[in-house]
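Everything below concerns the one structure shown next.
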Amino acid sequence: MENKFIADTGKLAEASLEKGDITGWFEELYTTANGDAGIIPWADQKPKRYLVEWLDAHSVVGEGKRALVIGCGLGDDCEELARRNFQVTGFDISPTAIEWARKRFPESKVDYHVADLFKLPAEWLGTFDFVFECYTIQALPRTVRSTVISQVASLVAPGGELLVVCRGWKDDQEEDKLPWALKREELQEFNRLGFNEISFEDFLDYDDPDRKRFRVLYQA
């Protein structure tokens, strides 16, 4: 069933891209789901394992720090960071996703926003101590990859940390379709933007060994 959902998501994205709209399919997907999180391929209804295990391994405490989750979807990663005492902002381009997140966590301390990564609020630029980017870069076409990476980087405060989790390109990979896996050299754009690469993890997906994942920590 999961493969069907992913295939349907691909069709929505392709139709949107054909119209020249590279982000419109996100809102269409959330509205089509009609409250069923199982329709959203990346909505686990729990924090991303790759985030939680990293936070645990580094004994991260967010007291006194501002965190941002890019493309926050239904809010689970935001809530995990808030639980660790970060002051959290989460944003998504889909109004339906943000409304859904607010309904799921009515007592949340997270500041949820509808926002466009390509048109970020000026007051957010360079202000977050910790930024989490998971699967957003890979969901946008390679033609805008450099711009997307630059926009992500613009949110991190001087000295702040950026944790990126994404689909990694496999050397024997032939297909190149949504999600558009990242090559390590593409991620080096962060280095060219002045970030230091603190760690780079290259591993196979825990649940699907046919998929490669990258988890990379940068410091501004």
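Computed from a prediction, not measured in an experiment: that's the story for all the values here.
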Query raised in the report: Run the salt bridge (charged side-chain N to carboxylate O under 4.0 Å, His left out) check on Glu99 and Arg102 step by step: do they pass?
Result: CA-CA 5 Å; Glu99 181 182 4; Arg102 288 170 176 162; over 6 Å; no

Report yes if some heavy atom in the side chain of [X] is under 4.5 Å from a heavy atom in the side chain of [Y]; otherwise report no.
X: Leu51; Y: Cys134; value: no
X: Val156; Y: Phe195; value: yes
X: Cys72; Y: Tyr112; value: yes
X: Leu162; Y: Phe128; value: no
X: Lys109; Y: Val88; value: no
X: Leu55; Y: Leu81; value: yes
X: Leu117; Y: Val152; value: yes
X: Val110; Y: Phe105; value: no

Query raised in the report: In terms of hydrophobic clusters joined by side-chain contacts under 4.5 Å, are Leu68 and Val61 together?
Result: no

Query - ILVMFWY network linking Val165 to Val52, side-chain heavy atoms under 4.5 angstrom - result: no

Query raised in the report: Of all residues at least two apart in sequence or in a different chain, which pass the salt bridge (charged side-chain N to carboxylate O under 4.0 Å, His left out) check with Arg145?
Result: Glu186

Report summary line: Heavy-atom nearest pair, Phe118 first then Val148, reads CZ-CG2, 3.7 Å

Show every donor-acceptor pair shorter than 3.5 Å between a side-chain atom in residues 213-220 and any protein atom, with sequence neighbours excluded, or say none if there are none.
| residue | atom | partner | partner atom | Å |
| --- | --- | --- | --- | --- |
| Arg213 | NE | Asp205 | OD2 | 2.8 |
| Arg213 | NH2 | Asp205 | OD2 | 2.8 |
| Arg215 | NE | Glu201 | OE2 | 2.8 |
| Arg215 | NH1 | Tyr50 | O | 2.8 |
| Arg215 | NH1 | Glu53 | OE2 | 2.8 |
| Arg215 | NH2 | Glu53 | OE2 | 2.9 |
| Arg215 | NH2 | Glu201 | OE1 | 2.7 |
| Tyr218 | OH | Leu187 | O | 3.3 |
| Gln219 | NE2 | Gly159 | O | 3.2 |

Query - Asp202 vs Lys212, salt bridge (charged side-chain N to carboxylate O under 4.0 Å, His left out): CA-CA, chis, key distance, verdict - result: CA-CA 7 Å; Asp202 178 341; Lys212 178 183 280 196; 3.5 Å; yes

Query - Heavy atoms of other groups near Asp208 CG, more than 12 under 6.0 Å - result: yes

Query raised in the report: What orientation do Phe203 and Tyr206 show, parallel under 30°, tilted 30 to 60°, or perpendicular over 60°?
Result: parallel

Requested in this report: Using only heavy-atom distances, determine whether the side chains of Thr96 and Glu27 contain a donor-acceptor pair under 3.5 Å.
Outcome: yes

Query raised in the report: Just how far is it from atom SG of Cys166 to atom NZ of Lys183, taken to the nearest 0.5 Å?
Result: 13.0 Å

**Report entry** Short side-chain to backbone donor-acceptor contact, Asp129 and Arg66, under 3.5 Å
**Finding:** yes

Requested in this report: Quick one: do Arg49 and Asp44 satisfy salt bridge (charged side-chain N to carboxylate O under 4.0 Å, His left out)? Show the steps, please.
Outcome: CA-CA 10 Å; Arg49 179 176 178 177; Asp44 300 327; over 6 Å; no

Query raised in the report: When Phe91 is tested against each of Trp124, Phe26, Phe132 for ring pair (Phe, Tyr, Trp, His ring centres under 6.0 Å), which residue passes?
Result: Trp124

